[in-house]
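Working notes, structure below.
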Amino acid sequence: MSKRLSPQLQHSIAEDAYCETHLEQTQLFCDTDQITLCSKCIQSQDHQHHRVCGIQEAAENYGKLFQETLNTLREKLEAAKSILTDEQERMVMIQEEEQNFKKMIESEYNMRLRLLNEERELNLQRRQGCTADLNLREARLNQVMKLATELEEKFQEMLQRLGHVGRENMKKLKESEARLSEHICSLQTLVAELEKKCGDSALALLKNAKYSLERSNSLLLENLEPAHITDLSLCHIRGLSSMFRVFQSHLTLDPETAHPCLVLSEDLRTVRLRNSQQDTPGSPERLNFSAMVLGAERFTSGRHYWEVHVEKATSWQVGISYSSAGRRGSSGEKVLLTGSVMAAEPMLWVFPPLKRVFLEKQLHTVGVFLDYEYGQISFYNVTESSLIYNFSHLAFQGVLRPVFSLCIPNGDTSSDSLTVSPQDGPSCDATVSS
């Protein structure tokens, strides 16, 4: 049995529900035509096949539908407000991110320009100290100056592209903000309208009831999505990795620091996961907190570059440790590039702080460049000859060592491995080029 209306609602029905045609009290409601009917109206063929019920029953049914719709509208209203807040936060974040990328581009440009200027100074000293091969040295100097000009043009183009992408992203976010604000306003209007209807008399509740529900359902069907913006890391700095090979270091892995889960190759250039942990002799430098191994080389000054083949690993880390382990299980501060393949999607993060970097396709070889005096670490996609990310103005102190890490699988065996590329760069007399 349906729930009875309040006495006030029943009184409003009795007082107001009169048929203007037959001057009789209306007690019925035609759901098809959305009008009230009296006992004579129902005899008309106009309503013969329509859905007709009592006003009280119709008011109760629509009241329930309005309450259900109200709950859904309120949920969508909160979701829309949450997305709007996120979009507004993203507007602030992309402005900060654009500034960070601009600084990263400028840092990479300044570093590259330093190397070219050093090459030019070296050529000038050679010209002054030796008269032989003057034509060759002159050609080298001209080449360096030409590269410096091309470098500036390239980086100005990158900054312009970064600015263009940033403006397009901001435009999309502002359009999304306006669209969401309008949607929120519509939702709030409907919520207020339905709340009022639920508190009104039966006749007021039934007035345009179906239309109110249709409007609500139409609004609820609208898809709420945040704006799709371009990741700024797509503004790749290309053609920068080959110049670092004049600083390529001969790197090997230090077995004294290898985690028990790791096994090293005889030439100490490849690390892979062993099938099960084995007891290994204790060492004050062994890193037991993760499947990590340090490079045998220790850097306290200068510039250094090395490459790591990562294509045979699904989850890996490469980078540098600020110092060798001070005590068992500790390895100091780190700067890391982390790669992982999740559901066939390659993903990259840098640290610190932890930040995801967009990657179009899986990495095969990572290049790492270290400039100790200028406190700079850069990671490169060697295959694409492009910068992944760089860190500048780091305060290095003491010994720096390369870091290599693989993710320990949860109970399953893994064939993951990392391999340090052998030194195959040109001699130190080679000209720096792009």
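These numbers were taken from a predicted model, which means no experiment stands behind them.
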Determine, stepwise, if the pair Gln95 / Gln99 fulfils side-chain contact (heavy atoms from CB on, under 4.5 Å). CA-CA 6 Å; Gln95 287 178 317; Gln99 289 303 312; 5.9 Å; no
For atom NZ of Lys312, decide whether the heavy atoms of other residues, nucleotides or ligands shown that lie under 6.0 angstrom number more than 12. no
Compute the centroid of each ring, for Phe379 and then for Tyr389, and state whether the two points are separated by less than 6.0 Å. no
Do Asp31 and Tyr62 have side-chain N/O donor and acceptor atoms under 3.5 Å apart? yes
Can a side-chain donor-acceptor contact be found between Gln362 and Glu311 if the only test is distance below 3.5 angstrom? no
With distance as the sole criterion, is a donor-acceptor pair present between the side chains of Thr338 and Gln317 under 3.5 Å? yes
Walk me through whether Lys76 and Glu222 qualify under salt bridge (charged side-chain N to carboxylate O under 4.0 Å, His left out). CA-CA 10 Å; Lys76 185 148 190 180; Glu222 288 187 24; over 6 Å; no
Compute whether any side-chain donor of one residue and acceptor of the other, for Thr365 and His309, lie under 3.5 angstrom apart. yes
Less than 4.5 Å apart, side chain to side chain, heavy atoms only: is that true for Glu168 and Val165? no
So how far is it from Leu348 CG to Leu363 CG, rounded to the nearest 0.5 Å? 5.0 Å
Might you confirm whether atom CD of Glu182 has over 12 heavy atoms from other residues, nucleotides or ligands at distances under 6.0 Å? no
Tell me the closest heavy-atom pair linking Ser212 and Phe66, and the distance in Å. CB-CE2, 4.4 Å
With a 3.5 Å distance limit and no angle check, can you tell me whether Glu373 reaches the backbone of Gly302 through a side-chain donor-acceptor pair? yes
Would you compute the distance between atom CD1 of Ile94 and atom CZ of Phe101 and round it to the nearest 0.5 angstrom? 12.0 Å
Going by atom types alone, do Ser321 and Glu333 pair a side-chain donor with an acceptor below 3.5 Å? no
Test: Asp371 and Arg114 ion pair at under 4.0 Å: yes
Just so I know, are the side chains of Asn381 and Val366 near enough to count as touching, which here means a heavy-atom distance under 4.5 Å? no
Taking every non-hydrogen atom, the tightest pair across Gln376 and Phe396: N-CE1, 3.8 Å
With the side chain counted from C-beta on, respond yes when Trp349 and Ser340 share a heavy-atom pair under 4.5 Å apart, and no when they do not. yes
Residue pair Val293 / Asp254: nearest heavy atoms and the distance that separates them: CG2-O, 3.3 Å
Do Val52 and Phe29 have side-chain heavy atoms sitting under 4.5 Å apart? no
Distance, nearest 0.5 Å, that separates CZ of Arg112 from OG of Ser378: 12.0 Å
For Glu97 and Lys355, what are the C-alpha separation, side-chain angles and deciding distance, and is it a salt bridge (charged side-chain N to carboxylate O under 4.0 Å, His left out)? CA-CA 11 Å; Glu97 189 175 356; Lys355 172 183 172 61; 3.5 Å; yes
Show the numbers, then the answer: is there a side-chain contact (heavy atoms from CB on, under 4.5 Å) between Ile55 and Leu28? CA-CA 5 Å; Ile55 289 178; Leu28 302 170; 5.6 Å; no
Does the side-chain contact (heavy atoms from CB on, under 4.5 Å) test come out yes or no for Val308 and Trp316, once each step is laid out? CA-CA 11 Å; Val308 187; Trp316 50 266; over 6 Å; no
Heavy-atom donor-acceptor pair, Thr72 side chain to Glu68 backbone, under 3.5 Å: yes
Under the 3.5 angstrom rule, does the side chain of Thr189 hit a backbone N or O of Cys185 as a donor-acceptor pair? yes
More than 12 heavy atoms of other residues, nucleotides or ligands under 6.0 Å from NZ of Lys172: yes or no? yes
Centre-to-centre under 6.0 Å for His304 and Phe299, is that the case here? yes
Would you name the heavy atoms of Leu406 and Asp416 that are closest together and state the gap between them? CD1-O, 3.7 Å
State the SG-CD distance between Cys19 and Gln25, to the nearest 0.5 angstrom. 11.5 Å
Identify the two heavy atoms, one from His50 and one from Cys30, that lie closest to each other, and give their separation to 0.1 Å. ND1-SG, 3.4 Å
Return the CZ to CD1 distance between Phe391 and Ile377, rounded to the nearest 0.5 Å. 9.0 Å
Is it the case that the side chain of Arg401 and the backbone of Gly295 share a donor-acceptor pair, with hydrogens and angles ignored and the cut-off at 3.5 Å? yes
Thr252 side chain reached by Glu297 side chain, heavy atoms, under 4.5 Å: yes
Write down the atom of Lys207, the atom of Lys197, and the distance for their closest heavy-atom approach. O-NZ, 2.5 Å
pair Ile320-Lys334: side-chain heavy atoms closer than 4.5 Å: no
Are Leu294 and Val403 side-chain neighbours, meaning at least one heavy-atom pair lies under 4.5 Å? yes
Please lay out, stage by stage, how Leu337 and Ile388 fare under the test side-chain contact (heavy atoms from CB on, under 4.5 Å). CA-CA 9 Å; Leu337 175 69; Ile388 297 172; 4.0 Å; yes
Which residues pass the side-chain contact (heavy atoms from CB on, under 4.5 Å) test with Glu87, not counting sequence neighbours? Ile83, Arg90, Leu173, Ser176, Leu180, Pro226, Ala227
Expected output: side-chain Ser265 to main-chain Thr270 donor-acceptor under 3.5 Å: yes
Establish, yes or no, whether a centroid distance under 6.0 Å links the rings of Phe247 and Tyr305. no
Please report the interatomic distance CG(Leu418) to CZ(Arg269), rounded to the nearest 0.5 Å. 12.5 Å
Ion pair present between Asp231 and Arg356, side-chain N to carboxylate O less than 4.0 angstrom? no
Do His364 and Val310 make a side-chain contact, defined as non-hydrogen atoms from C-beta onward lying under 4.5 Å apart? no
Ser107 side chain to Lys103 main-chain N or O, any donor-acceptor pair under 3.5 Å? no
